[in-house]
Amino acid sequence: MSFIGITRSSMQPDHALIAPDSHVKSTLPGWTKSMVTILISPQMGARFTQYFALMEKGGTSGPAPEGITRFFYVLEGAASITVGKKTTALTPGAYGFLPADTPHAIKAGKETRLLVFEKPYDEVDGAEPPHVVISHEKSVKATPFLGDKDALLKILLPEIPSFDFAINIFQFQPGGTLPFVEVHVMEHGMLFLEGQGVYRMSEKWYVVGKGDVIWMAPYCAQWFVASGKTPSRYIYYKDMHRDPSVML
Ligand code: UGY
Ligand code: MN
């Protein structure tokens with residue numbers, strides 16, 4: 001029996017769990033034949049936005065707002081992206097980083113679901129503006145996190161000051177954990193891609209799994225154990241390479 005009137009979703013001052021049963025669709029300017037589900041936003045205290053774009057066959061992306069960097073990751077479907085004269089086919093696992101004010105068009109060849117992160121670009125003296133990145137996670141090497149082969153990390157974007165955020169994919173073997181309870185200035189937005197586990201956020205422990213979205217504010221204590229019988233994977237955002245004393 002399933003019960004109505006309950007959800008695992010929980011909104012706290014320094015973190016949030018948003019389970020798939022709480023999603024509400026809306027639209028964004030310029031997107032055609034597409035709906036969005038805004039998951040994380042400045043309205044809840046985050047300094048970035050995370051959403052799903054649900055594109056019908058033939059649907060097209062709208063522009064990112066002025067001054068806003070866009071990152072997307074293809075969850076399902078088939079699409080293409082055109083930047084300048086170049087069009088690239090996109091399959092699940094493909095991703096793209098579009099620096100602020102880069103004209104581009106993503107077009108769905110069939111029903112397609114994207115995970116999108118957007119953030120106002122934080123310019124810094126001495127760093128060139130970032131460049132466009134279009135790639136696929138299968139061409140990114142996974143490396144053991146702090147030497148632990150049960151916690152493999154893929155870093156999808158260049159680790160240089162031009163890029164003011166990172167997007168990484170973590171894969172944990174069953175029983176794998178974050179090695180310690182992290183407390184840090186960077187905030188996170190996450191989507192669970194596979195598996196299940198228990199996430200500690202602040203003084204609470206949540207059972208989480210595929211489709212769950214998590215927001216962690218700066219300094220939210222965090223720890224994870226993969227508790228399922230198959231590997232767990234999540235993709236996450238983290239602001240990087242900026243001095244907190246001059247951060248917005
Ligand atoms: O990059 C990170 O801060 C990562 N280790 N945090 C996390 O997975 N919660
Ligand atoms: Mn962290």
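Numbering of ligands and ligand atoms starts at 1, following listing order.
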A.B. asks: Could you tell me whether D212 and R8 make a salt bridge, using a distance below 4.0 angstrom between a side-chain N and a carboxylate O?
C.D. replies: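 Looking at R8 together with D212, the answer is yes, because their closest N to O distance falls below 4.0 Å.
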A.B. asks: Residues sharing V24's hydrophobic cluster, by side-chain heavy-atom contacts under 4.5 Å among ILVMFWY, directly or via others?
C.D. replies: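 Its cluster mates, by chain and number: none.
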A.B. asks: Could K238 and E187 be called an ion pair, given the rule that one side-chain N must be under 4.0 Å from one carboxylate O?
C.D. replies: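 Judged by the 4.0 Å cut-off on N to carboxylate O distance, K238 and E187 do not form a salt bridge.
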A.B. asks: Using a strict threshold of under 4.0 Å (side-chain N to carboxylate O), is an ion pair present between E137 and R233?
C.D. replies: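 Salt bridge present between R233 and E137.
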A.B. asks: Tell me who clusters with L114, hydrophobic residues only, linked when side chains sit under 4.5 Å apart either directly or through other members.
C.D. replies: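 Besides L114, the cluster holds L28, W31, V36, I38, Y51, M55, F72, V74, I81, V83, L90, L98, I106, V116, V132, I134.
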A.B. asks: Using a strict threshold of under 4.0 Å (side-chain N to carboxylate O), is an ion pair present between D239 and K119?
C.D. replies: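 The answer is no: the pair does not qualify as a salt bridge.
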A.B. asks: Students should find this: residues with any non-hydrogen atom under 4.0 Å from ligand 1. What is the answer?
C.D. replies: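 F145, F170, L178, E182, H184, H188, M190, Y199, Q222, Y234, Y236, K238.
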A.B. asks: Salt bridge or not for K210 and E194, using N-O below 4.0 Å?
C.D. replies: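 Not counted as a salt bridge, because no side-chain N and carboxylate O are separated by less than 4.0 Å.
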A.B. asks: Can you list the protein N, O or S atoms less than 2.8 Å from the Mn ion (ligand 2)?
C.D. replies: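 Counting only protein N, O or S atoms under 2.8 Å from the Mn ion (ligand 2), the list reads E182 OE1, H184 NE2, H188 NE2, Q222 OE1.
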A.B. asks: Would you call the rings of F117 and F71 parallel, tilted or perpendicular, where under 30° means parallel and over 60° means perpendicular?
C.D. replies: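 Geometry flag for F71 against F117: tilted rings.
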A.B. asks: Any side-chain heavy-atom pair from F165 and I167 closer than 4.5 angstrom?
C.D. replies: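 F165 vs I167: side chains touch.
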